[in-house]
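In what follows, a single structure is set out as structure tokens and then discussed.
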Amino acid sequence: MSNVDVARVLVDLADLLEIQGANPFRVRAHRSGARTIETLAEPIAGLVEDPERSPEELSGIGKDLSEKIISIVLTGKLDQLDELREQVPAGVVAMLRIPGLGPKKVGVLFKDLGLESLDALEAAATEGAIAELKGFGAKTEQMILEGIGLARHGSTRTWLSTARVAVDRIVEDLSKLDSVTRVSLAGSSRRLKETVGDLDVLATVSEGVSSSDVMAALAGHELVDEVLAQGETKQRVRLLEREGGGLELDLRVVPEASYGAAMQYFTGSKEHNIVVRRRAQERGLKVNEYGVFSETDEDGPAVAGRTEEDVYQAVGLPWIPPELREDRGEFEMAESGRLPELVTVEDIRGDL
DNA sequence: GCCG
DNA sequence: CAGTACG
DNA sequence: CGGCCGCTACTG
């Protein structure tokens, strides 16, 4: 059992617990434990077999998860997972991959309508049976029909090189608008992950300028297929099929003064952001995508947020390069002033 | 679920 | 408002 | 025991 295998069991368990309506924090604890195992620098099996040690020494893994991990390593399985699998069919778990369907709704579809597969779900949606459920409507039903292909397809990540072709054009075109002051790439594409799940673009407008111009421009962009959601500050669109297979793009529009905070937030990763926000709490501060605020004077002016350096400084850190923002040790490195110097394009002298 |  | 989504 | 990221944003 490799670390990845053990992590996989915990993730599967988390999915099933979630559909069953378990405490969200309990679900998160399993996911977090899985992540810890997956990113561990040594084989978890060694830790289990060494009588002097135990998975419990890992932060975020307590007595319960430790016992589960030991069982997985020693027997290759987990009884609790097998039991849950009998109660919740695989098809129901697959429904979670449909955008817009979360554990609560999937639970209702399974328990109230008895749907156990994507095929059954599609049939029910086609007949209009979904729209009659409470909490569901015609729009949800439509969403399901459109997303069911994605769920059947499985993973939908796109190579960064493919995604960049489309997003670079969009960034460039939006930059030309008079109403925006800057347009930047954020999210996993800014962190230079090899593949991206979607694209994130941040635009800033001058104080008091409406976001509607930028959003209208994106909606009408030649690479955009349809607008999936749109509000005052956020818009989600689907790109045309040929540009990386129906990639989705999130546009976020914030005032200029929030640029740094918004970039920090929108660049992620999620795990990294949670640590940043927790550090803020420890210092009597609150961080959100609009700035860093004093906890005691929430309505007061932001203490930081114009630049990313601002934000990191407010939580006692130097600026951390996007490529490292994964909560995989960068905080310890930053804290001790030992952030590595990253390789840049200029370092490359040739190509074999 | 884990942590303080 | 609850659910879902975003990093 | 209580708290666990966000004065998140958008939809129905």
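Throughout, protein chains are lettered first and strands after them, A, B, ... in sequence-line order, and every chain is numbered starting at 1. Nothing here was measured: the structure is a model prediction, and the numbers come from that model.
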>> Measure CZ/A:R252 against C1'/D:dC10 and give the value in whole Å, please.
In response: 10 Å

> Under 4.0 angstrom, heavy atoms only, what part of the nucleic acid is A:Q281 near: base, sugar-phosphate, or nothing?
Replying inline: sugar-phosphate

>> Of the listed nucleotides (C:dC6, B:dG1, C:dG3), which one gets closest to any side-chain atom of A:K234?
In response: C:dC6

> How would you label the contact of A:L101 with the nucleic acid (heavy atoms, under 4.0 Å): base, sugar-phosphate, or nothing?
Replying inline: sugar-phosphate

> What nucleotide, of B:dG1, D:dC5, C:dG7, holds the atom closest to the side chain of A:Q80?
Replying inline: B:dG1

> Contact class for A:S59 vs. all strands (heavy atom < 4.0 Å): base, sugar-phosphate, or nothing?
Replying inline: sugar-phosphate

> What parts of residues 38-54 of chain A reach DNA chain C, counting only heavy atoms under 4.0 Å away?
Replying inline: none

> At under 4.0 Å, does any side-chain N or O of A:K63 touch on OP1 or OP2 of B:dG1?
Replying inline: no

> When we call it a touch if two heavy atoms are under 4.0 Å apart, what does A:V27 touch: a base, just sugar-phosphate, or nothing?
Replying inline: nothing

>> Strictly below 4.0 Å: does A:R236 bring a side-chain N or O up to OP1 or OP2 of D:dA9?
In response: no

> When we call it a touch if two heavy atoms are under 4.0 Å apart, what does A:K270 touch: a base, just sugar-phosphate, or nothing?
Replying inline: base

> Can you find a heavy atom in the side chain of A:R85 that is under 4.5 Å from one in the side chain of A:L81?
Replying inline: yes

> A:V11 and A:L78: same hydrophobic cluster, using ILVMFWY side-chain contacts below 4.5 Å?
Replying inline: no

>> Say we look at D:dC1 and D:dC5: how far apart would their P atoms be, to the nearest angstrom?
In response: 22 Å

> Between A:E289 (CD) and D:dC10 (P), how many Å, whole number?
Replying inline: 10 Å

> Where the side chain of A:E232 is defined as all heavy atoms beyond and including C-beta, which of D:dC5, D:dC10, C:dC6 is the nearest nucleotide?
Replying inline: D:dC10

>> Any base atoms under 4.0 Å from A:D64, or only sugar-phosphate, or nothing? Heavy atoms, all strands.
In response: sugar-phosphate

> Could you state the CD-C1' distance from A:E271 to C:dG7, rounded to the nearest angstrom?
Replying inline: 9 Å

> A:E289 and A:R252: salt bridge (Lys or Arg N to Asp or Glu O under 4.0 Å), yes or no, with the steps?
Replying inline: CA-CA 10 Å; A:E289 46 268 59; A:R252 190 76 187 252; 3.0 Å; yes

> Of A:V253, A:L174, A:T204, which is the lone residue that meets side chain to side chain contact (heavy atoms under 4.5 Å, CB included) with A:V183?
Replying inline: A:L174

> Are any of A:R26's side-chain N or O atoms less than 4.0 Å away from OP1 or OP2 of B:dG1?
Replying inline: yes

>> Mind checking if A:F25 touches a base, just sugar-phosphate, or nothing, with heavy atoms under 4.0 Å?
In response: base

>> In dot-bracket form, 5' to 3', how is DNA chain C paired? Count Watson-Crick and G-U wobble pairs only if both distances fall under 3.5 Å, and write | where the partner sits on another strand.
In response: |||||||

> Checking all strands, does A:Q230 fall into the base, sugar-phosphate, or nothing category for heavy-atom contacts under 4.0 angstrom?
Replying inline: sugar-phosphate

> Base, sugar-phosphate alone, or nothing: which one does A:P24 contact when heavy atoms must sit under 4.0 Å apart?
Replying inline: nothing

>> Rounding to an integer number of Å, can you tell me how far A:M263 CE sits from C:dC6 C1'?
In response: 16 Å

>> Both A:G137 and A:Y290 contact DNA chain D. Taking the nearest nucleotide for each, which residue is further toward the 5' end?
In response: A:Y290

> In residues 122-135 of chain A, which ones come under 4.0 Å of DNA chain C, going by heavy atoms?
Replying inline: none

> Does a side-chain N or O from A:Q235 land closer than 4.0 Å to OP1 or OP2 of D:dC10, or not?
Replying inline: no

>> In whole Å, I'd like the distance from the CD1 atom of A:I98 to the C1' atom of C:dA5.
In response: 15 Å

> Base, sugar-phosphate alone, or nothing: which one does A:T267 contact when heavy atoms must sit under 4.0 Å apart?
Replying inline: sugar-phosphate

> Tell me, do A:Y312 and A:Q264 make a side-chain contact under 4.5 Å, heavy atoms counted?
Replying inline: yes

> Among D:dT11, B:dC2, C:dG7, which is the nearest nucleotide to the side chain of A:A229?
Replying inline: D:dT11

> For the side chain of A:L65, counting heavy atoms from C-beta on, which of D:dC4, B:dC2, C:dC6 is nearest?
Replying inline: B:dC2

>> Would A:Y265 count as stacking on D:dT8 if stacking means ring centres less than 5.5 angstrom apart and planes tilted under 30 degrees?
In response: no

> Taking A:R238 as the fixed residue, which of A:L228, A:D198, A:V224, A:V227 is the one that meets the side chain to side chain contact (heavy atoms under 4.5 Å, CB included) rule?
Replying inline: A:L228

>> Under 4.0 Å from OP1 or OP2 of C:dG3: is there any side-chain N or O of A:K104 that close?
In response: yes

